[in-house]
Amino acid sequence: MELTEFVIKTITIVVVFALTLVIAMYSTWGERKVAGFIQDRMGPNRAGPGGLLQPLADAGKMFFKEDFIPALANKWLFIAGPSLAMLTALLASAVIPFGSTIKWDGAEVVLQGVESNIGILYVFGVVALGVYGIMVGGWASNNKFSLLGAIRAASQNISYEVAMGLSLIAILMMSSSLSLGEIVAQQHGGNWNIFYQPLGFIIFITCSFAECNRVPFDLPECETELVGGYHTEYGSMKLGFYLFAEYINMFISSAIISVLYFGGYNYPGMDWVYTQLTGSFGPETGHNIATLIGTAVFFGKALFFVFFYMWVRWTIPRFRYDQLMNLGWKKLIPLAIFNIIITGAAVLFLKPLITAWLN
Amino acid sequence: MQLTNRSKQVSNKEMTLMERAYLPAIATGLAITIKHFFAKKVTIQYPEVKRYLGPVFRGRHILKRDEDGRERCTACGLCAVACPAEAISMVAAERVKGEEQLYREEKYAAVYEVNMLRCIFCGLCEEACPKQAVYLRHDEFVPVFSDRDQVIWGKDLLVEDMNSRYTREAWTKEEARALDNKRANGEVTNVVPRAIP
Amino acid sequence: MKEVTIAEAPQGHSGAGFFATSFDEAIGLARSYSLWPLPFATSCCGIEFMATMGAHYDISRFGSERPSFSPRQADLLMVMGTIAKKMAPVVKQVYLQMAEPRWVLAVGACASSGGIFDTYSVLQGIDRIIPVDCYVPGCPPRPEQIIDGLMHIQYLAQNEKLRRRNTDEYQHLLASYNIQ
Amino acid sequence: MLSNQEVAEELLGKYGDQVFDFEEPYGLLTLSTTRENIIPVLEFLRDHKSYQVNFLTDLTGVQYPENKGKEFMVVYHMHSFIHNFRIRIKVSIPEADIHIPTATGLFASANWMERETYDFYGILFDGHPNLIRILNIEEMDYFPMRKEYPLEDATREDKIDALFGR
Amino acid sequence: MAEIELLPHNVPSQAELPELVEELTTLNLGPTHPATHGIFQNILKMDGEKIVSGEQTIGYIHRAFEKIAERRPFYQITTLTDRMNYCSSPINNFGWHMTVEKLLQIEVPKRAQYIRVIMMELARISDHLICNSILGVDTGAFSGFLYVMQKREDIYEIYEEVCGARLTTNMGRIGGMERDLSTTAIRKIRDFIKTFPPVLQEFEKLMSRNRIFMDRTINVGGISLERALSYGFTGPNLRAAGLDYDVRVMNPYSSYEDFDFSIPIGQSGDTFDRYNVRIEEMWQSLKIVEQALNNLPEGPYYADAPEYYLPPKKEVYNNMEALIYHFKIVMGEIDAPAGEVYHAVEGGNGELGFYLISDGGRAPYRLHFRRPSFIYYQAYPEMCKGSTLSDAILTMSSLNVIAGELDA
């Protein structure tokens with residue numbers, strides 16, 4: 001009994017880990033393909049069918065590229081930078097509920113790396129650490145462009161975290177729970193938070209663009225100004241880690257967006273599907289199949305947002321540094337606070353009214 | 001200050017409320033890019049699909065022979081003089097008895113070399129040649145080199161191979177113009193491929 | 001003490017073993033499809049490089065669309081355009097900053113040989129300061145030719161040993177350019 | 001429309017024999033002056049109430065090695081947008097005393113053009129804020145546009161000069 | 001082998017690093033920085049991200065055009081002018097030919113003039129397309145760049161039809177054109193006139209009224225009209241500052257007086273103004289191309305000047321006189337009169353002037369190019385002073401400094 005649970009948990013964790021990596025890896029391919037398609041061209045299509053081996057080629061090349069540490073760099077921190085970025089990026093995926101439960105041998109296991117009742121806090125904590133990877137790496141490079149990139153990254157991430165957290169508080173007020181699993185479960189039956197929190201969603205997604213350093217907030221690494229930004233001095237797999245971490249972050253934030261606002265693994269008509277499946281396959285297998293469908297839906301949602309990230313990236317120009325700060329502090333934070341007030345008022349006054357009216 | 005009556009103020013820096021709100025413009029942009037996402041791709045898959053380079057493209061050099069297989073070049077040196085890159089060099093020789101089948105004129109180029117890395121493919125040599133001997137092919141490039149020693153092409157590479165002769169619709173610009181007129185009047189109907197495949 | 005004799009390797013089995021060889025090939029293949037260029041575009045050829053990046057020719061099909069303006073990240077130095085003598089030290093510096101394996105593609109007449117600019121201020125070919133793997137003729141070359149050059153570099157990448165950069169031959173080449 | 005005649009007369013009236021060699025090649029008023037007068041002439045034209053020849057189109061040097069005592073020449077092209085009138089002013093200077101006052105005080109654009117002229121011919125513009133080479137490398141020890149220096153890079157290997165008169 | 005020593009400014013050793021007493025950072029923008037299209041260097045003194053002062057170093061692709069021109073016959077100089085502003089080489093090309101024609105007093109037939117106008121305006125479009133779309137790239141929007149590059153590819157196809165090359169066209173000759181416009185070329189130009197507007201409109205939709213782009217460009221890198229004139233600005237950059245000076249209108253050449261077009265001007269000479277002026281100029285150029293194509297006169301495409309324009313190949317074989325002319329022209333032994341000419345055309349970046357002194361020899365005695373990029377780029381430190389690094393980069397790309405023209 002204990003052992004089965006342990007095994008399933010281990011498998012879940014490994015699968016979550018591997019999936020995150022594979023998705024991040026193929027996000028690089030996806031990015032290049034999406035960029036190509038948006039720009040009327042083919043994108044990589046020589047390495048393997050449709051260019052599917054492109055990420056492997058990149059990884060293979062990077063692994064065997066000369067590992068270089070600049071003479072005046074701080075060696076220890078220079079290595080710590082990308083490692084930290086990668087580490088924090090990977091940690092966040094642990095608490096994301098990928099599906100509901102798997103029934104196996106009488107036990108019921110949640111499809112989630114770690115079932116934590118403070119999931120959202122954990123995510124925030126880990127994501128907040130992510131900026132250290134960039135900062136440390138940029139600082140250690142002993143390059144002015146890197147340093148500028150690192151400074152930009154640090155101040156940008158810290159500023160936008162405020163607005164992001166505030167926009168989340170509205171969600172927490174509605175769900176009165178910090179557990180991601182609980183938040184998803186509450187959105188069952190088409191009861192998605194996006195319908196209640198459109199403003200919060202816009203603030204949240206804007207901030208997550210900023211947190212992931214994606215266009216229009218890719219100031220820390222913008223090519224035309226800072227050459228490579230914080231990773232200017234990085235080559236070989238260390239650069240690979242940085243790029244990889246960016247894509248993992250993208251996937252994680254997409255996953256969080258779909259969990260918080262788009263009902264996670266919930267989809268319209270899932271109860272009907274569930275009854276059909278348990279009816280024809282038996283309660284256990286049917287339940288598991290239904291869970292897997294939910295997981296697939298969840299991945300669909302997350303990947304759509306990954307696509308959305310890329311779509312936006314290849315469409316709009318980027319902000320200037322001071323404009324970015326203005327947007328963050330002067331627009332998004334007041335908006336988020338306004339959103340909290342509205343939500344609070346609604347929860348306090350509107351909800352009892354509606355409940356009363358419904359009854 | 002205004003100098004002419006043709007000036008036109010074009011820069012409008014006032015933003016409307018819609019433009020201030022960021023999102024409408026971003027949505028328009030997203031709509032444009034997603035339209036392109038599903039549009040037909042214009043990419044030419046180069047090594048497999050080759051683009052037609054146009055009837056007058058200035059590609060690699062060729063030294064023409066005439067119908068009997070005799071080299072047309074008479075080593076007058078005009079091409080070398082006309083070359084702004086000084087890429088062409090030649091050594092002239094007198095034709096001796098018995099070589100009439102090889103060379104059309106009494107003088108010929110014993111050595112004719114083009115430095116393919118110097119060459120800027122401006123077409124002035126073709127224009128300068130009074131014997132219509134040197135041409136820039138419209139259908140072929142000079143290949144890439146990996147060795148600096150291979151870049152000077154001698155007669156072995158330049159002189160036309162009689163088995164696969166180089167043909168062109170029109171050899172001079174006057175001929176091209178005449179042909180074009182005929183085509184415009186519908187007298188010639190063969191259509192050469194011109195557009196992207 | 002008994003002398004240990006080492007048996008001769010059977011014929012055809014000298015050098016790296018099968019695994020190492022196919023590994024070489026795999027990494028060579030990987031490298032060849034992930035040549036991130038450093039577009040060192042100084043003049044006209046740079047405009048043609050833009051065309052090569054553009055939708056019609058699309059250099060990304062070869063996995064090379066990520067231009068790395070930082071030399072640390074680049075695999076292929078594409079020198080496009082005239083390199084004046086004032087610029088020469090910069091080219092060399094950029095080359096030195098690149099991490100192995102690195103390739104150099106001289107695009108166009110100016111970079112390859114000076115082209116029409118046989119003048120006091122122009123370097124007569126970048127191969128005077130750095131080793132060049134491939135020369136692309138033309139002024140400027142058509143995008144097709146630039147792709148030809150890239151494909152030639154791919155061919156080189158596929159057919160060279162993983163550690164060719166440690167070979168005497170290569171070290172010798174670098175030494176002839178006073179590098180290291 | 002300003003006529004060449006009018007401007008020439010005005011300049012003659014103001015500067016007398018300090019402006020000379022009036023010509024009109026291809027309709028462009030051309031005159032010469034001395035280096036003592038060039039800046040006053042330019043300033044006069046620039047600040048003239050009705051002419052407003054206030055745009056320095058071009059500034060360049062020319063070398064005439066055979067013209068002893070006047071080996072170098074600095075040529076100014078001025079333009080009046082209001083009247084669409086162009087004027088060319090030349091100043092000859094000897095090689096032995098290769099100095100001319102700078103026009104940077106009058107036109108910001110003169111700065112680099114003078115540096116370029118210095119770089120090419122070695123003409124020294126007195127009072128220029130930063131008269132150093134601009135296009136060529138700092139280490140260059142000659143002025144390459146002078147006629148006596150060769151054009152070619154001496155290290156070119158792939159050319160045979162013997163051919164066809166080169 | 002030429003021994004080249006590394007410049008000392010590259011990596012300072014620890015001991016050489018200044019002590020942390022001064023608060024300013026020196027940032028070395030270029031020569032290989034991605035935003036310095038073409039190669040030039042800016043040494044910026046920065047206070048955080050604010051630029052306190054800047055100094056440019058140029059000459060990184062100095063190719064000694066003016067020196068070469070003194071050694072080459074007139075007709076070979078075409079190949080040089082092509083490579084000067086390579087984004088719009090036909091303008092340089094014909095500008096040079098018109099200068100020589102002015103010297104030789106050749107009257108070019110109307111048809112050749114119209115063909116030149118068509119080609120020059122197409123070149124202007126392709127020049128402005130590059131500049132504006134690169135401005136887009138520098139703000140981070142890459143896709144618009146590739147959309148309009150497809151149309152530039154169409155322009156290249158037209159060039160290719162007319163002369164056989166894409167970029168360095170070499171399509172003009174002293175006395176006219178190398179070739180006439182073929183029917184295919186005319187068809188392609190018509191196609192271009194039809195298909196270009198939607199693409200440009202789309203580009204405008206993507207960029208012009210996007211608030212992020214407007215915020216990035218408005219009041220960035222502005223220059224007052226007075227300073228612009230003092231710095232010798234011409235072309236779109238001067239027009240953006242508010243003065244409608246256009247050589248095509250002020251000193252019409254090549255029959256520009258026949259065409260109806262307006263001169264776009266901006267308000268304060270900032271990046272947004274420059275962008276808009278360029279966009280509008282493309283529309284105007286398109287209008288000119290359309291007018292020129294519709295009114296394209298019949299007739300010869302080169303002047304009746306046998307001493308200067310190569311005779312047809314057929315004539316060369318059959319006619320002794322033609323053969324002699326052919327040899328004389330190719331050898332460069334034409335009888336150019338002694339004299340001096342200044343001729344200006346409206347290049348992609350402004351007034352492109354050719355100051356030619358001929359002493360009657362086979363090559364110019366002195367040829368000086370008035371290169372607009374060279375002249376106005378000196379204003380750059382003043383324009384980016386006090387702005388941030390990002391602004392400085394946009395200012396640079398909207399100035400459209402072409403290194404080939406800058407350094408010559």
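Values reported hereafter were calculated over all heavy atoms of this structure, with side chains retained and with hydrogens, waters and symmetry mates removed.
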* To do: Give the C-alpha distance, both sets of side-chain angles, the deciding distance and a yes or no for side chain to side chain contact (heavy atoms under 4.5 Å, CB included) between Ile44(B) and Glu144(C).
  => CA-CA 10 Å; Ile44(B) 305 158; Glu144(C) 279 100 335; 5.9 Å; no

* Asked: Which atoms form the tightest heavy-atom contact between Ala109(C) and Cys119(B), and what is the distance?
  -> CB-O, 3.8 Å

* To do: Provide the closest heavy-atom pair for Phe145(B) versus Pro137(C) in the form atom of the first, atom of the second, distance.
  => CE1-CG, 3.8 Å

* Asked: When you measure from the centre of the six-membered ring of Phe57(B), is the NZ or CZ of Arg142(C) under 6.0 Å away and within 45° of the axis?
  -> yes

* To do: Keeping the roles fixed (side chain from Gln145(C), backbone from Val142(B)), state whether a donor-acceptor pair exists under 3.5 Å.
  => yes

* Mark yes or no for whether Arg118(B), through its side chain, and Ser113(C), through its backbone, hold a donor-acceptor pair below 3.5 Å. => yes

* Asked: Is it true that a side-chain atom of Ser146(B) and a backbone atom of Asp133(C) form a donor plus acceptor pair closer than 3.5 Å?
  -> no

* Asked: Picking from Arg60(B), Met116(B), Gln45(B), which has the most non-hydrogen pairs under 4.5 angstrom with chain C?
  -> Gln45(B)

* Tyr155(C), part contacting chain B, at a heavy-atom distance under 4.5 Å -> neither

* Asked: What is the distance from atom CZ of Arg148(B) to atom CZ of Arg128(C), rounded to the nearest 0.5 Å?
  -> 7.0 Å

* To do: Answer yes or no: does atom CD of Glu14(B) have more than 12 heavy-atom neighbours from other residues, nucleotides or ligands under 6.0 Å?
  => no

* Structure fact -> Looking only at Ala111(C), Pro140(C), Gly138(C), most heavy-atom pairs under 4.5 Å shared with chain B are made by Gly138(C)

* Asked: Should the heavy atoms of other residues, nucleotides or ligands under 6.0 Å from CD of Gln150(B) be counted, would the total exceed 12?
  -> yes

* Asked: Roughly how far, to the nearest 0.5 Å, is SG of Cys139(C) from CG of Leu117(B)?
  -> 11.0 Å

* **Contact summary for His152(C) and Val144(B), nearest pair of heavy atoms** => CB-CG2, 4.0 Å

* To do: Evaluate the criterion side-chain hydrogen bond (donor to acceptor under 3.5 Å, both in side chains) for residue pair Tyr46(B) and Asp148(C); output intermediate values, then yes/no.
  => CA-CA 9 Å; Tyr46(B) 164 59; Asp148(C) 274 345; 3.2 Å; yes

* Measuring from His56(C):NE2 to Thr43(B):OG1, what's the distance to the nearest 0.5 Å? -> 8.0 Å

